[in-house]
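Taking it in order: structure first as structure tokens, then the write-up.
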Amino acid sequence: PDFITPEGNVRYDGYVTNVITDLSIDWLREKRDSTKPFCLFVHHKAIHRNWMGDTTDLALFEDQTFEMPDNFWDDYQGRIAAGKQEMSIDKDMTLIYDLKMLDDDVKDHYRSLYTRKDGTEGTYGRMNAAQKAAWDRHYQPIIQEFKKAKLTGKALAEWKYQRYMRDYLKTVKSLDDNVGRLLDELEKEGLLENTLIVYTSDQGFYMGEHGWFDKRFMYEESMRTPLIMRLPKGFDRRGNISQMVQNIDYAPTFLALAGVEIPSDIQGVSLLPLLKGENPADWRKALYYHYYEFPAEHAVRRHYGVRNERYKLIHFYNDIDAWELYDLQSDPTEMKNIYGQPGTEEITKQLRKELEDLQIQYDD
């Protein structure tokens with residue numbers, strides 16, 4: 001991988017998740033001022049498309065068949081924008097770039113991102129000779145088997161799903177291993193009990209729900225974001241915290257924990273009361289969401305919305321004008337849009353008021 005540094009781009013030999021962790025551990029050991037508090041952000045990339053596992057992990061999960069989500073073959077009835085996206089495992093997941101089926105007979109408009117004709121660029125092309133040899137030993141038999149099968153239709157889509165899950169989980173395995181390495185280093189340095197450790201992500205991801213990969217939509221799978229905290233000494237809170245939190249809350253939490261004043265223009269709120277086991281009466285009762293990166297990759301339409309404990313209201317806008325309403329209690333997988341149906345008038349009115357209030361609060 002290439003890293004952007006103050007001295008320019010630097011290319012490292014090795015697997016990106018290992019390299020990032022190596023650099024982080026090196027900073028902890030050699031470069032930080034051990035007389036002062038520190039803040040270290042370790043931002044991993046490997047879980048992003050196109051899910052290439054470490055060569056040491058390629059054999060993992062190959063003997064497993066993963067159960068497909070019940071709504072993999074969603075027909076998107078009553079949900080206009082969901083039917084217009086370009087993140088379908090069936091239609092949009094590519095054979096070479098996403099699924100590693102490198103073959104001259106296979107057409108793939110993203111092929112150059114995987115390898116170029118000179119064999120030196122792209123995610124596969126940048127491997128060294130030993131890495132390519134290990135990669136080819138694993139994937140070439142799969143490529144030959146795939147060519148021989150000549151899959152089409154539903155059989156091809158289901159095969160894509162299984163390959164996606166196997167490759168994705170190999171990539172996650174390396175992330176898990178390296179989180180463990182970092183925790184071990186903190187313990188070795190005597191820092192583990194006096195450090196807040198936050199494991200999170202930029203969003204959730206579709207593992208075949210609605211037939212998709214990727215993210216972007218306000219639906220639960222991508223709106224819900226992993227968040228695990230290991231608390232320093234002095235905090236006794238354990239288990240799940242049920243209150244609604246957002247990624248805009250992280251910065252004020254870190255500042256409050258460090259005893260630093262929180263700037264007035266930060267829109268999030270510190271999570272420290274929740275981490276202390278408190279239950280503030282004025283904690284937020286709803287979450288605001290806005291996605292506006294259209295037209296762009298995956299063709300997810302612009303939309304904004306509000307989600308409270310039970311209901312979610314979404315407005316798609318720009319090239320389409322469509323509202324969606326979900327009762328997450330009776331329809332947790334958001335398959336039935338009940339916007340405009342008799343009996344929903346009062347909750348719709350309430351949610352639209354909450355939506356407007358949040359748009360004003362966040363100056364959106």
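Within the hydrophobic cluster formed by Ile, Leu, Val, Met, Phe, Trp and Tyr side chains joined at under 4.5 Å, directly or through other members, Met335 stands alone, with no partner residue. Hydrophobic cluster of Ile360: no remaining members, since no ILVMFWY side chain lies below 4.5 Å from it.
Take Glu158 and apply the side chain to side chain donor-acceptor pair (under 3.5 Å) test, not counting sequence neighbours, and it matches no residue. Legend: residues meeting ring-ring contact (aromatic ring centres under 6.0 Å, His included) with Tyr76, ordered by chain and number and at least two apart, are Trp212. Remark: Tyr250 engages no residue in a ring-ring contact (aromatic ring centres under 6.0 Å, His included) (not counting sequence neighbours). Under the rule for a ring-ring contact (aromatic ring centres under 6.0 Å, His included), Phe254 has no partner lying at least two apart in sequence or in another chain. For the side chain to side chain donor-acceptor pair (under 3.5 Å) test, residues two or more places apart in sequence or in another chain that qualify with Arg216 are Asp214, Tyr291, Glu293. Shown here are the salt bridge (Lys or Arg N to Asp or Glu O under 4.0 Å) partners of Arg126, two or more places apart in sequence or in another chain: Asp2, Glu121. In this structure Trp323 satisfies the ring-ring contact (aromatic ring centres under 6.0 Å, His included) test together with His315, Tyr339, sequence neighbours excluded. Evaluation of the side chain to side chain donor-acceptor pair (under 3.5 Å) rule for Asn128 yields Asp13 as partners, not counting sequence neighbours. Contacts of Ser330 classified as side chain to side chain donor-acceptor pair (under 3.5 Å), with partners at least two apart in sequence or in another chain: Asp327.
Between Tyr206 and Tyr219, the distance from one ring center to the other does not fall under 6.0 angstrom. Residues Tyr97 and Tyr114 place their aromatic rings such that the two centres sit no closer than 6.0 Å. Close placement of the Phe213 and His298 rings is indicated, their centers lying within 6.0 Å of each other. The ring of Phe3 has its center closer than 6.0 angstrom to the ring center of Tyr12.
Classification of Arg302 and Asp319 as a salt-bridged pair fails, no side-chain N sitting under 4.0 Å from a carboxylate O. A salt bridge links Lys353 with Asp357; the closest basic N to acidic carboxylate O contact falls under 4.0 Å. A salt bridge links Lys170 to Asp167: at least one charged side-chain nitrogen sits closer than 4.0 Å to a carboxylate oxygen. In this structure, Lys215 does not pair ionically with Asp202, as no charged nitrogen and carboxylate oxygen lie closer than 4.0 Å. Electrostatic pairing of Asp177 and Lys173 counts as a salt bridge here, judged by a charged N lying under 4.0 Å from a carboxylate O. A salt bridge links Arg49 with Asp98: the closest approach of a Lys/Arg side-chain nitrogen to an acidic carboxylate oxygen falls below 4.0 angstrom. Remark: Arg307 does not engage Glu354 in a salt bridge, criterion side-chain N to carboxylate O under 4.0 Å.
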Less than 3.5 Å apart, which donor and acceptor atoms pair up between the side chains of residues 264-279 and the rest of the protein, not counting sequence neighbours?
residue	atom	partner	partner atom	Å
Gln267	NE2	Tyr362	O	3.2
Ser270	OG	Leu272	N	3.1
Asn279	OD1	Gln243	NE2	2.9

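Scanning all heavy atoms of the two residues, the minimum distance from Leu231 to Arg237 falls at CD1-O, 3.7 Å.
Ser88 and Asp92 are not linked by any side-chain donor-acceptor pair at a separation below 3.5 angstrom, with hydrogens and angles left out of the test. Side-chain contact, Tyr304 with Asp364: no donor N or O sits under 3.5 Å from an acceptor N or O. A donor atom on one side chain and an acceptor atom on the other are not found under 3.5 Å apart for Glu324 and His303.
Other residues, nucleotides and ligands place no more than 12 heavy atoms under 6.0 Å from the CD1 atom of Ile80. Around NZ of Lys132, the count of heavy atoms belonging to other residues, nucleotides or ligands within 6.0 Å exceeds 12.
Taking the six-membered ring for Trp and thresholds of 30 and 60 degrees, Trp51 and Phe205 have ring planes more than 60 degrees apart, a perpendicular arrangement.
Remark: Arg301 is not positioned above the aromatic ring of Phe316, lacking an NZ or CZ atom under 6.0 angstrom from the ring centre and at most 45 degrees off the axis.
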